[in-house]
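Order of the sequence lines sets the chain letters (A, B, ...), proteins ahead of strands, with each chain counted from 1.
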Protein chains: 2
Amino acid sequence: MAEPAGISSLTLNRLSVYLRCLRQLQDSDVTHVSSSQLAQQFELSAALIRKDLAQFGEFGIRGTGYRVDDLVESLIKVLGLDRAHNLAVVGLGSLGSALARYLSINDKPFRIVAAFDVDGRKVGHKIGHLTIHHSREIREIIPQTGAQIAVLSVPESAAQRCYDDLADCGIKAVLNFAPVQLKQAPSVRTKSVDFQINLEELAYFLSS
Amino acid sequence: MAEPAGISSLTLNRLSVYLRCLRQLQDSDVTHVSSSQLAQQFELSAALIRKDLAQFGEFGIRGTGYRVDDLVESLIKVLGLDRAHNLAVVGLGSLGSALARYLSINDKPFRIVAAFDVDGRKVGHKIGHLTIHHSREIREIIPQTGAQIAVLSVPESAAQRCYDDLADCGIKAVLNFAPVQLKQAPSVRTKSVDFQINLEELAYFLSS
DNA sequence: ACCGACTTGTGAACGATCTCACAAGCACGA
DNA sequence: TCGTGCTTGTGAGATCGTTCACAAGTCGGT
């Protein structure tokens with residue numbers, strides 16, 4: 001497509017936002033849109049939209065703007081959402097289960113292919129059509145499943161151990177929900193989604 | 001304490017991380033720590049730790065480092081975690097319930113004082129010791145509860161409507177979990193925690 | 001075929017954020 | 001009391017991210 005040189009997280013995250021907004025336009029049967037229209041409607045920056053997109057190619061038509069369908073398709077390709085991604089979910093507490101449920105509903109490109117927990121009452125049972133394995137079997141089972149991404153939703157105390165196991169057995173990316181500062185493995189792309197930190201930021205603003 | 005001039009989100013989020021790390025040291029009975037020790041042990045930047053802290057005062061002792069207990073206490077004060085914060089939870093699907101449960105377990109400074117959902121089967125029932133109200137009563141009930149922060153975990157289609165209601169009835173901060181680009185109210189400090197965007201970022205790196 | 005209205009893509013200015021490197025300061029022992 | 005060794009707090013510089021402003025390009029009407 002274009003130049004896959006070091007793209008920043010911020011740009012990538014905005015691409016996801018753009019894609020989301022464009023899909024909303026598709027639903028309203030809008031066929032063409034300019035960067036400034038997008039910016040106004042969704043409270044974004046027009047210049048930034050153009051700069052972000054420019055890093056991957058020329059998707060627009062000068063004088064006209066962007067064809068919504070085309071841009072959606074391009075963004076899907078850029079983000080790698082045109083192929084399936086196999087996920088492993090580790091930790092099926094209430095949060096892990098909620099995430100698993102969410103991922104099953106969506107016919108998105110993400111598909112759960114393995115599930116793990118330490119709770120003896122859960123192991124052996126099914127979540128959807130998937131058997132839950134004990135977390136100590138991570139290293140053994142993951143390689144058989146083709147999972148490349150893991151969703152880590154275990155308690156703080158277990159997070160680092162599970163993370164290391166995942167890294168060891170060839171997982172390429174981890175989305176971590178545990179409120180800990182993980183010691184990262186160089187072979188694993190790691191992102192944390194931290195509820196608590198965000199809440200604490202809001203607390204700061206309310207007491208100042 | 002010190003200067004409450006425009007502190008960036010990045011700094012604030014790191015303060016939460018530092019606090020977390022320091023508490024871990026407390027648990028290991030470490031009493032003193034230097035910025036470089038912290039940095040090494042938790043994969044942070046020593047200079048950045050000092051710069052971040054310096055924005056709020058002088059907490060360290062030259063030649064010695066920081067007293068762990070003192071710094072924990074200072075950070076708690078800075079972040080506003082020394083007083084209680086009342087939360088409203090809107091949307092009690094699997095994610096909302098998981099969050100509510102998490103917030104109840106922790107004797108943290110966050111306390112749920114109101115809960116809302118649109119599901120008739122849930123309204124009137126209890127979550128913990130709290131009665132669930134219908135979402136259409138948000139404007140009426142929130143002011144009676146003293147809630148200043150709302151956790152928004154409703155489906156995409158309802159998010160903007162609930163957000164506007166919350167803004168209207170005096171909520172000062174919203175932590176949004178719905179995968180939408182919200183049209184923000186100027187009176188409300190808003191943060192989004194977006195699972196999907198983070199997953200898509202990981203997908204990008206796996207297919208490039 | 002040309003003009004005018006519009007939009008993209010992009011260098012250059014600006015601003016925010018992080019790293020470097022060191023002066024200022026503290027603790028401890030001689 | 002002084003010197004050594006260590007660490008903080010901080011200006012100065014480097015890097016990264018965003019906004020500005022405009023040349024280059026497209027379209028539709030005349």
Side-chain angles (χ1 to χ4, degrees), chain A residues 1-18 21-22 25 30-72 74-75 78 181 197 201, chain B residues 1-3 5-18 21-22 25 30-72 74-75 78 181 197 201 204:
Chain A
M1 186 149 298
E3 39 236 311
I7 306 296
S8 86
S9 266
L10 292 133
T11 296
L12 288 169
N13 292 353
R14 280 193 300 265
L15 292 186
S16 288
V17 171
Y18 304 156
C21 296
L22 289 164
L25 292 180
V30 176
T31 59
H32 292 258
V33 71
S34 71
S35 59
S36 52
Q37 286 175 316
L38 257 182
Q40 250 191 332
Q41 185 163 356
F42 297 101
E43 301 188 344
L44 305 166
S45 147
L48 201 43
I49 292 172
R50 298 199 298 274
K51 265 263 153 75
D52 285 338
L53 296 177
Q55 296 187 63
F56 297 93
E58 308 207 349
F59 301 115
I61 305 155
R62 294 175 191 226
T64 305
Y66 302 88
R67 286 206 49 228
V68 176
D69 288 348
D70 288 358
L71 190 49
V72 164
S74 301
L75 285 178
V78 164
Q181 185 69 4
I197 285 178
E201 183 186 334
Chain B
M1 185 149 298
E3 39 237 312
I7 306 297
S8 86
S9 266
L10 286 92
T11 297
L12 287 169
N13 291 352
R14 280 192 301 265
L15 292 187
S16 289
V17 171
Y18 303 155
C21 297
L22 289 164
L25 292 181
V30 177
T31 60
H32 292 258
V33 71
S34 71
S35 59
S36 53
Q37 285 175 317
L38 257 181
Q40 250 191 333
Q41 185 163 357
F42 297 101
E43 300 187 347
L44 304 166
S45 146
L48 200 42
I49 292 172
R50 296 200 299 274
K51 266 261 152 73
D52 285 338
L53 295 177
Q55 296 187 62
F56 297 93
E58 307 208 349
F59 302 116
I61 305 154
R62 295 177 191 224
T64 305
Y66 302 88
R67 284 207 50 227
V68 176
D69 288 348
D70 288 356
L71 190 49
V72 164
S74 300
L75 286 177
V78 164
Q181 184 70 4
I197 285 178
E201 182 186 334
Y204 168 81

Point to revise | Integer-rounded Å distance: D/dT26 P and A/His32 NE2 | key: 15 Å
Exercise for review: Decide yes or no for A/Leu15 and B/Tyr204: does some side-chain heavy atom of the first lie under 4.5 Å from some side-chain heavy atom of the second?
Suggested key: no
**Study point:** Heavy-atom pair with the smallest gap, counting every atom of B/Tyr18 and B/Ile49
**Key:** OH-CA, 3.5 Å
Study note, to complete from the structure: Taken to the nearest whole Å, CZ/B/Phe56 to C1'/D/dT10 is 16 Å
Check your understanding: Does the side chain of B/Leu25 come within less than 4.5 Å of B/Leu38's, by heavy atoms?
Key -> yes
Review point. Would you say the side chain of B/Leu75 lies within less than 4.5 Å of the side chain of B/Phe59, judging by non-hydrogen atoms?
Key: no
Study note, to complete from the structure: Between CZ of B/Phe59 and C1' of D/dG9 the distance, given in whole Å, is 12 Å
**Study point:** Between C1' of C/dC18 and CD of B/Gln55, the distance in whole Å
**Key:** 12 Å
Point to revise | Among D/dG17, C/dT7, C/dC18, the nucleotide that comes nearest once only the side chain of A/Leu10 is considered | key: D/dG17
Exercise for review: Could you walk me through whether A/Glu201 and B/Ser16 pass the side chain to side chain donor-acceptor pair (under 3.5 Å) test, one step at a time?
Suggested key: CA-CA 8 Å; A/Glu201 183 186 334; B/Ser16 289; over 6 Å; no
Review point. Where do B/Leu44 and B/Arg14 land on the side chain to side chain contact (heavy atoms under 4.5 Å, CB included) test, with the steps shown first?
Key: CA-CA 9 Å; B/Leu44 304 166; B/Arg14 280 192 301 265; over 6 Å; no
Practice item. Specify the separation, in whole Å, of atom OH of A/Tyr66 and atom P of D/dG25. Key: 16 Å
Practice item. Describe the nucleic acid contact of B/Ser35 in one word from base, sugar-phosphate, nothing, applying a heavy-atom distance below 4.0 Å. Key: sugar-phosphate
Review point. In residues 37-53 of chain B, which ones come under 4.0 Å of DNA chain D, going by heavy atoms?
Key: B/Arg50, B/Lys51
**Study point:** B/S/- contact track for nucleotides 23-30 of chain C, protein heavy atom under 4.0 Å
**Key:** -BBBS---
Practice item. Please tell me if the side chains of B/Val17 and B/Phe42 come closer than 4.5 Å, counting only heavy atoms from C-beta onward. Key: no
Study note, to complete from the structure: In whole angstroms, the gap separating C1' of D/dA24 from CD of A/Glu58 amounts to 11 Å
Exercise for review: Would you name the heavy atoms of B/Ser45 and B/Ala39 that are closest together and state the gap between them?
Suggested key: C-CB, 4.0 Å
